[in-house]
Structures are given as C-alpha cells and as structure tokens.
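Notes follow once the structure below has been shown.
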Amino acid sequence: MNVTLVQGDITEQRTDAIVNAANSSLLGGGGVDGAIHRRGGPEILAECRQLRAGHLGGGLPTGQAVATTAGLLPAHWVIHTVGPVYSRSQDRSELLAACHRESLRVADALGARTVAFPAISTGIYGWPLDDAARIAVTAVRAAGTSVEEVRFVLFDAAAYEVFRGQLSS
Ligand code: ADP
C-alpha cells in the first residue's frame with residue numbers, strides 16, 4: 001500500500017472513499033464533518049438518519065466506522081468514523097488506531113482502492129498533532145487491507161509538515 005500526503009480539503013479528493021471525522025450521533029458537526037455535509041448535500045445526512053433509525057440507534061461507537069453515499073462529492077463513499085476525544089489522564093491511542101483500521105476494513109468491504117483520511121481527532125477533539133500523526137501512520141501501515149492508496153489530507157501547512165515527518169521516520 002502507498003501512503004501519500006496532500007495539503008488540501010478532503011471534500012475535493014477524487015478517491016474512491018473519503019473518511020469523515022464524525023461524532024457518534026452521525027447527524028453532523030463542525031470541522032471535516034460540517035464541510036462534508038455542506039458540500040456533499042442532503043443525501044449523506046439522509047443515509048446517516050437511516051442508520052440511526054436502524055442498527056445504529058444508539059449512535060456509532062468511538063473507534064468504529066460505517067459507510068454512506070458521498071452525495072455530490074467526487075468520491076463514491078464517505079466512511080464515517082468517530083475519533084476519541086483526547087485525554088491527558090487516559091490513553092485512548094488504541095481507539096484512534098481502531099478508527100483507521102476499521103475505516104480500511106469498511107473500505108475493503110466496499111471494494112474501495114483509494115481512501116483519503118483527515119487528521120482524525122486533531123481538531124475539536126484536541127489530540128496533539130504529532131502524536132495523532134504517529135498513531136495514524138502506524139495504524140494504516142499495519143492494517144491488512146486491499147486498499148492501494150491511503151492519502152492523508154491535511155488542511156494546513158503545519159499539519160502537513162508533521163505528517164511528512166512521521167512518514168519519513
Ligand atoms: P475531530 O472532531 O475528530 O477533532 P475535526 O473535524 O474538528 O475533527 O478536525 C480534524 C482535522 O481536520 C483538524 O486537523 C482540522 O484542521 C482538519 N480539517 C478541518 N476541515 C477540513 C477539511 N475540509 N479537509 C481536511 N481537513 C480538515
């Protein structure tokens with residue numbers, strides 16, 4: 001698998017799937033989640049509501065992943081995953097790794113070969129970028145997957161540099 005990096009907006013990626021840093025309600029939020037629903041149109045939220053009405057009645061648990069249409073976005077699917085909120089007193093790294101692993105498992109089930117990830121948990125959820133980058137890169141490298149390209153999409157130059165440092169280590 002190739003791990004690649006771009007600085008940019010995840011909603012513009014022409015990958016088979018893009019990953020959403022969602023919250024467990026699946027009903028929208030800020031950051032990446034807000035951008036995906038804004039640009040992708042109402043079809044994505046409609047599918048999320050159906051999931052909530054069905055087997056995800058209690059919401060999507062942290063560390064798990066589920067797919068919907070990508071609506072008007074150039075990707076085919078959005079894979080929603082819920083990152084852990086950063087905690088100083090509790091090590092939640094395994095849950096952050098699980099987001100990456102589970103998203104790739106869902107991608108495999110869809111037949112997606114190219115998948116774009118944002119820097120999950122590093123926005124509203126407060127995870128320090130360098131630590132999140134280490135966990136993310138380690139998790140995707142260790143995942144047994146048929147995905148051929150994992151593309152990390154970093155919104156700003158600082159995040160891009162941190163991920164670049166991790167990839168070359
Ligand atoms: P979380 O709640 O998991 O922390 P956020 O969406 O708040 O998720 O932020 C995750 C990361 O995504 C942050 O580093 C943020 O700067 C970045 N980000 C925000 N909008 C976009 C976007 N449109 N494309 C790519 N990355 C984005």
Side-chain angles (χ1 to χ4, degrees), residues 3-45 48 56 59-104 106-107 112 114-140 149-167:
V3 182
T4 60
L5 291 185
V6 298
Q7 188 187 333
D9 185 333
I10 198 157
T11 64
E12 293 171 4
Q13 303 304 307
R14 296 184 175 279
T15 44
D16 293 336
I18 64 171
V19 175
N20 181 17
N23 59 57
S24 70
S25 80
L26 291 179
L27 300 179
V32 174
D33 201 7
I36 285 175
H37 285 289
R38 239 182 349 264
R39 305 264 318 252
E43 221 189 322
I44 302 175
L45 191 58
C48 287
L56 291 176
L60 181 65
T62 304
Q64 295 189 21
V66 68
T68 66
T69 174
L72 302 171
L73 299 174
H76 294 304
W77 298 284
V78 174
I79 298 173
H80 307 262
T81 190
V82 182
V85 175
Y86 181 70
S87 163
R88 280 176 202 286
S89 57
Q90 197 184 31
D91 181 6
R92 299 178 179 165
S93 310
E94 179 45 40
L95 284 169
L96 186 53
C99 287
H100 294 82
R101 213 167 39 235
E102 289 300 306
S103 295
L104 290 172
V106 170
T114 55
V115 180
F117 279 86
I120 298 167
S121 289
T122 67
I124 297 157
Y125 285 179
W127 209 293
L129 252 174
D130 52 351
D131 198 46
R134 178 184 59 76
I135 294 163
V137 169
T138 305
V140 303
E149 182 192 355
V150 167
R151 183 185 304 170
F152 285 105
V153 181
L154 294 320
F155 212 34
D156 56 43
Y160 179 87
E161 284 308 319
V162 170
F163 270 74
R164 198 163 65 110
Q166 269 307 323
L167 263 195

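One-based numbering, in listed order, for ligands and for the atoms of each. The first residue of the sequence shown is numbered 1, and numbering continues consecutively from there. In what follows, every heavy atom counts, from backbone to side chain, and hydrogens, waters and symmetry copies are set aside. Here the structure is a predicted model, which is why all the values come from computation and not from measurement.
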- Message: Using side chain to side chain contact (heavy atoms under 4.5 Å, CB included), reason through Ile44 and His80 one step at a time and then give a plain yes or no.
- Response: CA-CA 10 Å; Ile44 302 175; His80 307 262; 3.8 Å; yes
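- Residue-ligand proximity: Gly8 is placed with a non-hydrogen atom under 4.0 Å from ligand 1.
- When hydrogens are left out, the protein atom nearest atom 13 (C) of ligand 1 is Thr122 OG1, 3.3 Å; that is the closest non-hydrogen contact.
- Under the 3.5 Å distance criterion, the side-chain polar atoms of Asp16 are left unmatched by any main-chain donor or acceptor of Ala75.
- For Phe163 and Phe152, the gap between ring centers is short of 6.0 Å.
- Atoms OG1 and CG, from Thr122 and Asp130 in turn, are 11.0 Å apart once rounded to the nearest 0.5 Å.
- Side chain of Arg92 to backbone of Val85: a donor-acceptor contact under 3.5 angstrom is found.
- Counting protein heavy atoms under 4.0 angstrom from atom 15 (C) of ligand 1 gives zero.
- The nearest protein atom to atom 12 (O) of ligand 1, hydrogens excluded, is given as Val32 CG2, 3.3 Å; this is a heavy-atom distance.
- Atom 4 (O) of ligand 1 has its nearest heavy-atom neighbour, among Gly123, Cys99, Pro84, in Gly123.
- Between the side chains of Thr4 and Glu149, at least one donor N or O lies within less than 3.5 Å of an accepting N or O.
- Of the protein's heavy atoms, Phe155 CB, 3.7 Å lies nearest to atom 26 (N) of ligand 1.
- Of all protein heavy atoms, the one lying nearest to atom 10 (C) of ligand 1 is Ala119 O, 3.3 Å.
- Here the protein heavy atom with the shortest distance to atom 3 (O) of ligand 1 is Ser121 N, 2.8 Å.
- Here the heavy atom of the protein found nearest to atom 24 (N) of ligand 1 is Ile10 N, 2.9 Å.
- Counting the atoms of ligand 1 from 1 in the order shown, those under 4.0 Å from a heavy atom of Ala21 are 3 (O), 8 (O).
- Rounded to the nearest 0.5 Å, atoms CZ (Arg151) and CD1 (Ile10) are 9.5 Å apart.
- Here the side chain of Gln166 pairs no donor or acceptor atom with the backbone of Val162 at under 3.5 angstrom.
- Not a single N or O atom of Asp156, backbone or side chain, sits closer than 3.5 Å to an N or O atom of ligand 1.
- With hydrogens and angles ignored, the 3.5 Å screen pairs no side-chain donor or acceptor of Thr81 with any backbone N or O of Ser103.
- Of all protein heavy atoms, the one lying nearest to atom 7 (O) of ligand 1 is Ile124 N, 2.9 Å.
- Proximity to Asp9 (heavy-atom distance under 4.0 Å) selects the following atoms of ligand 1: 22 (C), 23 (N), 24 (N).
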